[in-house]
S.K.: 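Pasting a structure below so you can have a look.
Since the structure is predicted, the reported quantities are computational estimates derived from the model, not experimental observations.
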Amino acid sequence: KMVRALLSATAYAHAQQVVHRNISPVNMLVGAPEDDVDFSVVLGGWTEAASLSSGPLPPLLCRGGSRYWGPEYLLGFCSDWKAFDMWSVG
């Protein structure tokens, strides 16, 4: 359920032509159960986010999230930022 909620948040951002670029466990906020759901997940940490419609994206700042970066970026040729986000989800 948690992964599904994270994928839903990521898909919503991508539908708006926004990429997060820093998805990691530290940026997932998990809320307490409510009446209709077991828990809630909010994707935080949007400091590296960027709009795909604004042209070439700047490089990422290394803030400890590199363990969740896709191999394309680590090798220096990331062009598909949506795939980059999906790699980070797992």
S.K.: Tell me whether V89 is reachable from W46 by hopping between hydrophobic residues (I, L, V, M, F, W, Y) whose side-chain heavy atoms are closer than 4.5 Å.
M.R.: yes
S.K.: Drop me the distance from L7's CG to M86's CE, to the nearest 0.5 angstrom.
M.R.: 4.5 Å
S.K.: Who are the side-chain contact (heavy atoms from CB on, under 4.5 Å) partners of L29, not counting sequence neighbours?
M.R.: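 So L29 forms a side-chain contact (heavy atoms from CB on, under 4.5 Å) with V42.
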S.K.: Between H20 (side chain) and G45 (backbone), is there a donor-acceptor pair under 3.5 Å?
M.R.: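 Flag set: sc H20 to bb G45 pair under 3.5 Å.
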S.K.: Would V3 end up clustered with Y12 when hydrophobic side chains under 4.5 Å apart are linked, directly or stepwise?
M.R.: no
S.K.: Provide the closest heavy-atom pair for N22 versus N27 in the form atom of the first, atom of the second, distance.
M.R.: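 Where N22 meets N27 most closely, the heavy atoms are O-ND2, 2.6 Å.
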S.K.: Could you give the distance from NZ (K82) to CD (Q17), rounded to the nearest 0.5 Å?
M.R.: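 K82 atom NZ to Q17 atom CD measures 4.0 Å (nearest 0.5 Å).
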S.K.: Using atom types as modelled and distance alone, determine if a side-chain donor or acceptor of T10 lies under 3.5 Å from a backbone N or O of L6.
M.R.: yes
S.K.: Do F84 and W87 have ring centroids that are under 6.0 Å from one another?
M.R.: no
